[in-house]
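Everything on this sheet refers to the single structure shown next.
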Number of protein chains: 2
Amino acid sequence: MTKANKSKQATIAFKANDETLQSFLGYHLKRGFNVVQGDLTKTLKPFELRMLTYTALTLIVDNPGLSQSQLADAMDIERPNLVVIVDELEQRELITRDRVPTDRRAYALRSTLKGQHLFKRAVAAVTLHEQALFQGIDPETRTLIVSAMKQIQLRAAKDSR
Amino acid sequence: MTKANKSKQATIAFKANDETLQSFLGYHLKRGFNVVQGDLTKTLKPFELRMLTYTALTLIVDNPGLSQSQLADAMDIERPNLVVIVDELEQRELITRDRVPTDRRAYALRSTLKGQHLFKRAVAAVTLHEQALFQGIDPETRTLIVSAMKQIQLRAAKDSR
DNA sequence: TATTGTTATACTCTATAACTATA
DNA sequence: TATAGTTATAGAGTATAACAATA
């Protein structure tokens, strides 16, 4: 999103004296994610969705009946932060929130037809944009990246036991 | 950082009905980056550094004399947001801010000895932690990930022309 | 006129504590 | 007691507009 500075000669002065930075994985992941996130934001704007609402909708469409706790877990955010997201999707009538008969504390989240239709169009747009962004990166590398990201998560989960 | 929910049975209910999610690269990158960022935050805490201050320090140590504009550009953040970061590093006497004689609008940023020593210790810790996190992911894959992240950035820069 | 650094400000995302209603 | 969802709140990180000093 950071319109990669507008100054015409911003990329002048670096000596290739940056071994530390080059091997700093967090730095590269951050910059990469920034780009992906920025592209995603633009792509989702016509649908009035953000990354968070889009991700939530995706999970609800594909896993009808899941609870807010499960959704928060899948999205790696705290439950309090999910409330407004679910509120928004519900107000726009993209999803429904029904009490679970067997556990009246929990909500079963389900997408509406309207939600499914919007989702379908949004997915198409996102897929196209991600393809464009990752064009020139072969499918195997993409798979490698995804599985590396998953492995990192497993390791982190293990470490925090 | 999102202590991957504490509920003991959070990972119950998913049908493997999540093709859309599986192919959603932004989602995986976000989760992966979350883990890396969380680990980094913990690793840098003893040095009283955050990812942003650590990255700034890295760039200043390796590129003495660079300006705040150049630094903001390298860090992919807006100049106003860099000010407090540089303020913090200067107040802690990890860097100096000298007026550039040939262009008295700009500051030349340089690390102090104290900054270099702190940096050296921080880098060692970060390197160790990233190695642990990416353990099991072979070096070639790591290189692939980094170059993929760079390619994405080039594409984004091209698209915003 | 344009650029460097700055201030003020607002918005998004995130994290924690404390509450309610159900279990 | 413990869990699901909620409210309130605070803290990061980020983006924009407008300004002073300098080019």
Side-chain angles (χ1 to χ4, degrees), chain A residues 1-10 12-13 26 30-31 33-35 37-38 40-42 44-45 49-56 65-73 75-88 90 97-109, chain B residues 1-10 12-13 26 30-31 33-35 37-38 40-42 44-45 49-56 65-73 75-88 90 97-109:
Chain A
M1 280 302 250
T2 317
K3 282 174 219 137
N5 278 332
K6 305 102 196 174
S7 15
K8 284 89 198 171
Q9 357 81 308
I12 303 181
K30 179 171 191 174
R31 293 200 60 142
F33 176 65
N34 276 356
V35 170
Q37 158 99 300
L40 202 51
T41 304
K42 270 193 289 182
L44 291 172
K45 187 152 259 168
L49 291 168
R50 289 162 295 137
M51 177 157 187
L52 285 170
T53 49
Y54 173 75
T55 306
L66 91 170
S67 71
Q68 292 189 192
S69 289
Q70 291 172 321
L71 182 53
D73 189 44
M75 290 179 65
D76 205 12
I77 63 177
E78 295 300 326
R79 284 173 310 296
N81 298 323
L82 184 65
V83 176
V84 283
I85 296 171
V86 172
D87 280 350
E88 189 183 324
E90 192 191 21
R97 239 198 295 215
D98 302 317
R99 285 289 180 194
V100 176
T102 56
D103 184 347
R104 292 187 36 71
R105 291 171 303 182
Y107 284 120
L109 305 175
Chain B
M1 280 304 249
T2 317
K3 282 172 219 140
N5 277 332
K6 303 100 197 173
S7 14
K8 283 88 198 169
Q9 357 81 308
I12 304 181
K30 177 169 192 176
R31 294 201 60 142
F33 176 65
N34 276 355
V35 170
Q37 158 100 301
L40 202 50
T41 304
K42 268 194 290 182
L44 291 173
K45 187 151 259 171
L49 290 168
R50 290 162 294 138
M51 177 158 189
L52 285 170
T53 49
Y54 173 76
T55 306
L66 91 170
S67 71
Q68 291 189 193
S69 288
Q70 290 172 323
L71 182 53
D73 188 44
M75 290 179 64
D76 205 13
I77 63 177
E78 296 299 327
R79 282 173 310 294
N81 298 322
L82 184 65
V83 176
V84 283
I85 296 170
V86 172
D87 279 351
E88 190 183 325
E90 192 192 21
R97 241 200 292 216
D98 301 319
R99 285 288 180 195
V100 176
T102 55
D103 183 348
R104 293 185 39 70
R105 291 170 303 182
Y107 283 120
L109 306 174

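Chain letters run A, B, ... following the sequence lines, proteins first, then strands; residues in each count from 1.
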Any Arg97(A) side-chain nitrogen or oxygen under 4.0 Å from OP1 or OP2 of dT6(D)
yes
Ile77(B) CD1 to dT12(C) P, straight-line distance once rounded to whole Å
20 Å
What contact category does Leu52(B) fall into here, base, sugar-phosphate, or nothing, at under 4.0 angstrom with non-hydrogen atoms?
sugar-phosphate
B/S/- contact track for nucleotides 18-23 of chain C, protein heavy atom under 4.0 Å
---BBS
dT16(D), dT6(C), dG5(D): which one has an atom nearest the side-chain heavy atoms of Ser69(A)?
dG5(D)
Counting only N and O atoms by type, is there a donor-acceptor contact under 3.5 Å from the side chain of Thr53(A) to the main-chain atoms of Leu49(A)?
no
Could you check how far CZ of Arg79(B) sits from C1' of dA8(C), rounded to whole Å?
16 Å
Please report how far the helix from dT1(C)-dA23(D) to dA23(C)-dT1(D) bends, comparing the axis fitted to its first five pairs with the axis fitted to its last five, to the nearest 10 degrees.
0°
Among dT14(D), dT6(C), dT6(D), which is the nearest nucleotide to the side chain of Val83(A)?
dT6(D)
Out of dT12(C), dG13(D), dG5(C), minimum distance to the side chain of Arg50(B) belongs to dG13(D)
OP1 or OP2 of dT6(C) sitting under 4.0 Å from any side-chain N/O of Gln68(B)?
yes
Whole angstrom is fine here: how far is it from CD in Glu78(B) over to C1' in dA10(C)?
15 Å
Nearest-nucleotide check on DNA chain D, Ala108(A) vs Lys30(A); residue mapping nearer the 5' end is Ala108(A)
How many whole angstroms separate atom CG of Asn34(A) from atom P of dC13(C)?
13 Å
Whole angstrom is fine here: how far is it from CD in Glu88(A) over to P in dC13(C)?
9 Å
Where the side chain of Asn81(A) is defined as all heavy atoms beyond and including C-beta, which of dA15(C), dT14(D), dT6(C) is the nearest nucleotide?
dA15(C)
Ignoring hydrogens and angles, tell me if any N or O in the side chain of Arg79(A) forms a donor-acceptor pair with the backbone of Ser69(A) under 3.5 Å.
no
